[in-house]
Amino acid sequence: MSRHIGHTLLLLLMWVAPLHAQTAQLSGFVTDAANGQVLDGATVALFTLPDGALTYGTATTGDGIYLLSGIVPGAYRIAVSFVGYETVQDTLIFESSQTRTYTVALSPDAETLTEVLVEAERTSGVARVSAGFQRIRPEEIEAIPAPDVSGDLANYITTLPGVVTTGDRGGQFFIRGGEPSQNLVLLDGMIVYQPFHLLGFYSAFPADVIDRADFYAGGFGTEYAGRLSSVLDVTLRTGNVRRWAGMASASPFASGVRVEGPVIRDQLSVLFSARQSLIHQTGESLYGEALPFDFSDLLGKVHLSAGPRHRFSFTGFQTHDRGDLLSEINSSTPQELYWRNRGGSLRWLLLSKNLPIATQLTVSRSSHEMTQGLRDEPSRHTSVNNTRLALNATFSEGSFFGGRSTTRAGWDAVLSTTENSLDGLFQDLALTDTNVPAFGLYVEPEFVLGDGLRLSSGLRMQWYNVRFRPYLEPRLRFDWAMGQHHLHGAVGLYQQQVIGLNDRRDAASVFTAWTGIPRDELGLQQRLDNQLLHGRIGQSLHLLLGYRQQATNTLEWNVEAFYKHTANLFVGEWTAFPRLSTRLQPATGRSAGFEARVEWRRRPLYAYLTYGLSTTRYAAGSAAIPVWYGTEQLRYRPAHDRRHQINAVAQWLVHGFDVSIRWHFGSGLPYTRPLAFDGFVLIDDVETVFRTEHSRRVIYERPFGSVLPTYHRLDVSVERVFPLGAALLHVQASTINVYDRRNVFYVDIFTLERKDQLPFIPSLGLKVTFGE
Amino acid sequence: MFRRLLLVCLLPLGLLVLGCEENLAERDLFEAPFTLYGVLSPQLDTQAVRVYPIEDFPTLGTAEPLGATLTSTDLATGEVRTWRDSVLQAPNGQIEHVYWSRFRPAYDTAYRIDIIRDADGAHSHATVHVPPRVHMRLLTPDSLKQRILIETGDFRALTPRVEYTVGWGEFASDPVLRYFVNYAGLEIKAREGWVVDVNFGPERRRIENWYLADTGSPPPPRPCPYVGLLDFSLHVIVGDSVWNPPGGLFDANVVSEPNTLTNIANGFGFIGAGYTLETHLRPSRKAVEDACYYYVWDE
């Protein structure tokens, strides 16, 4: 049955694999024998017998898959190895046209396991960056001090040099000058819209349930579409297939629980994780300050190994956030924010029985809704639902373009449905409910040229309902390894039709209304204000160039420069008119920058230092701008344009204590400074001003012409593990903002009141784990 | 070695801690004392100007006297009037001051408005010119595009709108309804004054559609005519020549910017001068019938 389905999928792809009439193929999975987790980067080598010469070799992908084709019939010794694990060797005999599947479970090697941190074949690390791409592993996340005893992906991402956040609240990430709504976040293939919690240390992704997070700060490949700025592709790990394990934790900030284990040993496993914030209840009593950040996340994954060639998994998740960023400043007008994400995805990973292909079919549905206003009667509501069907295929070396080339190809179909109820106009736009279908096809061969040049040149054809003709998105990535030196770069073109509209005049503007870009049916000449969006699909060009050196086994450094140009942005228009009555205006954006990372891995010390230098400029154009400023366009630094950013992180294992330190420095963010306050009356008729409507007015300087104070903060945590019978007790003491720096969150431009980020906050967390 | 490393790391940190209290940059405060809004009109027997102190910090205002003296001076006669302060309270608690004076400005006369803060003599002022009496006439009475000229003198024609009064059938009988078509921003400066080109012919279908929708009447079988034109008039504000919003449109989002529409020296806001003018116009029988209205006026 599965064979027929597999063939049908291949026909859908309309690809005809080349014939390998005389040669054999080998594919399989490589996993950890202790818990069933896949191993990324394990080496698979075939040595001819009897002479023992290395003839074929490859490494496993992030899904633990390897593919070898074009194998000359004969006898071979196979060796599957991974640092920290015992190598498995076996003898395989291939006959003509034979396809074999060989799945291996590697056992951890107790002698070398402790050296995993210093191995050279790892695929992750803060300096292990290639053209904007970085693979993030849970152990790196755990190195960041946090107020909670468990780590979180959000806390780690904020240490990366190209990531600017709104501070420790708001959950907004600006990556290399891009807006949060331009980041594509995937969880096991599901599109997630607002995965970062209101309190900036947390996201929907606790470290202990993540297998890996592939983070592209730009220049991402053709597999991804629909966003302009970045990609965060999170894969949950599978539950332990050998034994039951779990965790329960509590701290003043949040409590969590995780349970995992085999339903059918080595075949069917489950993983369940839940977390609920406590800080909204404990903040007032413990710290004397209301911290109204209520959030939760639920994650679950069921994984089935159905034979040597099939893997099925189902992932479900739900998050919620409720909080009030303005509570202390403007209590007379509550602006409670609430958002919720839900979703589920089904994935089928298949190694073809007859062809050197690994395919992954993903069916997912996810939803996001956000409200703002009074809890019972929110004045604004937006929601977006996504149904996604995607097929990704990886072809083994030489299948299409001969030589040492591998090819990835696939398609995806996404239907996004948006609904908005915005209490009348939002930014002077009457947003309607939209259905936005999108379909994309891509092919991306990767060539290995010479000894070390890897060149991925892909093309994506993307259909949106804005027009009949497809949008072409060419992309190219390369990594040229010359011994310990790596030169890497990327260039690509990106489009986005489902956009998030936000009045981002200060950091507290989190509410984002999602809508699709409508077809331009009226023509340019008939574009009125409320038809501003028509036909203006977002477009971005990325250019990246970097250099990396593995100087020693313990020291690695990386530098990278980037340039990003984005057209068809929609930004809030500054006027002196009262709050929430501004309009959107079209703009273009340009970001350029430079990032440097140095990473040190030598027990007992793991440390890294990152520095980011960037500049982002928006050029906005509207009919009013020549009137106000005497120029056709208003050029300015947007609110997230942080010029300098430094992160220093150290994890030190000393006398059984795990000490983590993080210091974060950021230069001041631009803001628009109020100069004075008066009133405004529209004098548009001949009548006494006794009767005319009036309002208070703020007289601003030129938009974003001033800079907030610099930001810096030191966080420290100390953790120790104690045996507790068959379990382990983790005790963590941490402090956020050790030297109690008054970091500005934002300045209320209507009242001149200042809202600061979290002050010095000590915390004690406990965690009990078993079965790990 | 490690201690040295730790020292190197902690030293700059310590320096930062010492200098960690950082406040927002000081603002350059305004010296201008007041923002003023109002219109002097010969059609009103009481003139009023709303006065806002320009403040460094937002306040709810105070019902106490503003501590400022507002005067108007007739620049032709030299007559000076001192205006009286009054207080308005908005539903949100905001208290605002309106200065008023009971008099009727003369046409084609300039006035100077001065407001002086009693405490320190800080002073804002504006000079406004009440426009002359003007009139309007049809330049193209036979055409489907009715060109209307408003003449003469130094003035600004603002927010013109055309009013159609129509009734049913050849007798223009009940119901008789009025419809307005906005021509704001479409007025054109001409040598003699200002010109408004009214799409008299093309607008007939819009008027009929509105009429049929309002009365619930089904369209008669014949295409034209089935509505009689009872009256055709143009309404316009005749304003001071500096009362000139960008594009001729009063877009609150645009003109709320402090320097966009202002004639206040050493302050913000705008004081206009002017009056409304409404003139009934009579296109020719040919134009009315060409536009597919019944012609109901006496020859």
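Owing to the predicted nature of the structure, the values given are computational and were not obtained by experimental measurement. Every chain is numbered from 1 and lettered A, B, ... according to where its sequence line falls, protein lines coming before strand lines.
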Could you tell me the separation between the [atom1] atom of [X] and the [atom2] atom of [Y], rounded to the nearest 0.5 Å?
X	Y	atom1	atom2	value
Asp56(B)	Leu675(A)	CG	CG	10.0 Å
Ile699(A)	Glu257(B)	CD1	CD	9.5 Å
Ile683(A)	Thr262(B)	CD1	OG1	11.0 Å
Thr35(B)	Phe680(A)	OG1	CZ	11.0 Å
Phe270(B)	Asp684(A)	CZ	CG	11.5 Å
Thr260(B)	Tyr629(A)	OG1	OH	8.5 Å

May I ask you to decide if [Y]'s main-chain N or O and [X]'s side chain share a donor-acceptor pair within less than 3.5 Å?
X	Y	result
Arg697(A)	Ser256(B)	yes
Trp628(A)	Asn259(B)	no
Tyr37(B)	Gly679(A)	yes

Engaged part of Glu687(A) at the chain B interface, taking heavy atoms whose separation is under 4.5 Å: backbone

Partner chain A: residue of Trp100(B), Tyr275(B), Phe268(B), Trp243(B) with the largest heavy-atom pair count (under 4.5 Å): Trp243(B)

Chain A interface, residue from Gly61(B), Ala184(B), Ala48(B), Ala32(B) that has the most non-hydrogen pairs under 4.5 Å: Ala48(B)

Thr159(B) and Asp685(A): CA distance, side-chain angles, deciding distance, side chain to side chain contact (heavy atoms under 4.5 Å, CB included) verdict: CA-CA 9 Å; Thr159(B) 61; Asp685(A) 203 353; over 6 Å; no

Given heavy-atom pairs under 4.5 angstrom as the criterion, report whether the side chain, backbone, both or neither of [X] touches chain A.
X	answer
Ile54(B)	both
Pro58(B)	both
Gln43(B)	side chain
Val49(B)	backbone

Heavy-atom closest contact (Gly274(B) atom, Val686(A) atom, distance): O-CG1, 3.7 Å

Pick from Leu682(A), Asn743(A), Val627(A), Val681(A) with the largest number of heavy-atom pairs that fall under 4.5 Å of chain B: Val681(A)

Enclosure of Arg84(B) CZ (heavy-atom neighbours >12, cutoff 6.0 Å): no

Atom CZ of Arg112(B): over 12 foreign heavy atoms under 6.0 Å: yes

